[in-house]
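Remember, it's a predicted structure, so these values are computed and weren't measured experimentally.
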2 protein chains.
Amino acid sequence: MTKRLAAAAPATLDETDRALLAALAADARQPVSELARRVGLSAPSTAERVRRLEAQGVIERFTVQIDPRALGFTLQAIVRVKPLPGQLHLVEDVIRRIPEFVECDKVTGDDCFICRLYLHSIEQLDEILSKVTERAETSTAIVKSTPVARRLPPLG
Amino acid sequence: MTKRLAAAAPATLDETDRALLAALAADARQPVSELARRVGLSAPSTAERVRRLEAQGVIERFTVQIDPRALGFTLQAIVRVKPLPGQLHLVEDVIRRIPEFVECDKVTGDDCFICRLYLHSIEQLDEILSKVTERAETSTAIVKSTPVARRLPPLG
DNA sequence: AATGAAAGCTCTTAGAC
DNA sequence: GTCTAAGAGCTTTCATT
């Protein structure tokens with residue numbers, strides 16, 4: 001399910017916060033001392049701001065971006081999933097339990113779920129989708145390229 | 001465009017590498033000393049492995065996961081975009097230049113692009129899509145919940 | 001590949017503006 | 001909310017197995 005409710009009021013970020021987030025997005029493991037240099041504050045103030053952004057919930061977590069191709073996932077697919085009547089919760093569970101589904105959103109409209117799938121081969125697509133097609137109609141698109149890779153939203 | 005070509009051969013990860021990646025995915029800023037404790041190695045060996053995973057391209061980058069709701073993006077949409085004849089490159093450029101499109105994949109099939117959009121309001125959806133609809137047909141789904149948030153693929 | 005010890009940095013805490 | 005200063009803690013190097 002959705003991870004948590006929205007914060008009551010949106011956080012307001014100043015220029016320094018924006019610079020900090022951009023720097024952390026580019027390299028989350030850089031030392032506070034270097035972040036401090038980049039944003040033009042002392043190390044303690046910088047550390048304090050990072051903690052505040054975490055406390056406010058702006059920073060959800062620090063994480064690592066994996067390249068699926070380096071792990072042999074040569075194929076990426078985006079699958080729209082429309083559960084058959086009465087199968088919605090079961091379909092959701094099936095998707096959650098298959099680790100090759102690396103992302104799944106429940107959306108308005110005819111296709112209930114939109115999911116991202118990492119695959120080693122085209123045969124594996126068939127194999128994985130067969131676990132879903134007993135309970136849902138699916139519509140699959142293979143990713144050819146990624147004009148915009150996950151990026152920060154505008155921080156204005 | 002796509003960021004780079006796939007590595008020649010997929011990296012092979014042992015149990016320790018997998019534990020490291022899982023730990024870094026959960027908190028990319030934790031000290032090497034703590035990572036070392038978790039995976040049961042010394043700090044120097046652990047630091048060496050992290051460097052190797054980066055050099056191999058398995059780790060693309062260390063980054064920060066932002067909560068769009070904490071920034072006032074109360075709405076998230078997934079938009080399929082089908083450029084009109086001859087408008088493909090222009091549509092791609094338009095999408096790339098609008099920062100609210102935080103992700104976009106070019107896919108096989110009728111709908112050329114599948115994009116994720118962060119929005120402050122439903123009015124803003126209209127406003128942003130109007131910049132695309134001169135050159136493409138769009139089909140929009142509003143995200144209601146996220147059964148699977150971005151997660152690591154199987155590391156086997 | 002991995003380890004331990006030591007040098008060198010980095011982080012945090014404390015106290016002041 | 002920010003700073004400097006100093007002690008605590010971390011990372012890295014290197015010799016060793």
Visitor: Ignoring hydrogens and geometry, is there a side-chain-to-backbone donor-acceptor pair from B:Arg135 to B:Leu90 under 3.5 Å?
Guide: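 Pair absent, no side-chain N/O of B:Arg135 close to backbone of B:Leu90.
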
Visitor: Quick one: does A:Ile95's side chain get under 4.5 Å of A:Cys115's, heavy atoms only?
Guide: yes

Visitor: Report yes if some heavy atom in the side chain of A:Thr16 is under 4.5 Å from a heavy atom in the side chain of A:Arg49; otherwise report no.
Guide: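 Yes, their side chains come closer than 4.5 Å.
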
Visitor: Output the rounded distance in Å from CZ (A:Arg29) to C1' (C:dC11).
Guide: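 Spelled out: CZ on A:Arg29 to C1' on C:dC11 is 14 Å.
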
Visitor: Rounding to an integer number of Å, can you tell me how far A:Leu35 CG sits from C:dT12 C1'?
Guide: 15 Å

Visitor: What does the list of N/O pairs under 3.5 Å between the protein and nucleotides 3-5 of chain C look like, with a distance for each?
Guide:
{"unit_1": "C:dT3", "atom_1": "OP2", "unit_2": "B:Ser42", "atom_2": "N", "d": "2.8"}
{"unit_1": "C:dT3", "atom_1": "OP2", "unit_2": "B:Ser42", "atom_2": "OG", "d": "2.7"}
{"unit_1": "C:dT3", "atom_1": "OP2", "unit_2": "B:Ser45", "atom_2": "OG", "d": "2.9"}

Visitor: Rounded to whole angstrom units, what separation is found between the CZ atom of B:Arg51 and the P atom of D:dT11?
Guide: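 Whole-Å distance recorded here is 11 Å.
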
Visitor: Between A:Thr133 and A:Ser130, do the side chains contain a donor N or O and an acceptor N or O under 3.5 Å apart?
Guide: no

Visitor: Would you find a donor on one side and an acceptor on the other, under 3.5 Å apart, between the side chain of A:Asp27 and the backbone of A:Arg29?
Guide: yes

Visitor: Separation of B:Asp17 atom CG from C:dA1 atom C1', in whole Å?
Guide: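 Checked: the CG to C1' distance equals 12 Å.
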
Visitor: Would you say A:Arg38 and A:Gln30 are linked by a side-chain donor-acceptor pair, where the criterion is simply a distance under 3.5 Å?
Guide: yes

Visitor: In plain terms, say whether B:Glu54 and B:Arg51 are close enough for a salt bridge, that is, a side-chain N and a carboxylate O under 4.0 Å apart.
Guide: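 B:Arg51 and B:Glu54: not salt-bridged.
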
Visitor: How close or far is atom C1' of C:dT12 from atom CD of A:Glu48, stated in whole angstroms?
Guide: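 The distance from CD of A:Glu48 to C1' of C:dT12 comes to 11 Å, rounded to the nearest Å.
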
Visitor: Please report, rounded to the nearest Å, how far the C1' atom of C:dC11 is from the CD atom of A:Gln30.
Guide: 15 Å

Visitor: For B:Glu34 and A:Arg49, find the nucleotide of DNA chain D closest to each by heavy atoms; which residue's nucleotide sits nearer the 5' end?
Guide: A:Arg49

Visitor: Tell me, do B:Asp17 and B:Arg52 make a side-chain contact under 4.5 Å, heavy atoms counted?
Guide: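 In contact.
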
Visitor: Output a table of nitrogen or oxygen pairs between the protein and nucleotides 7-10 of chain D separated by less than 3.5 Å.
Guide:
none

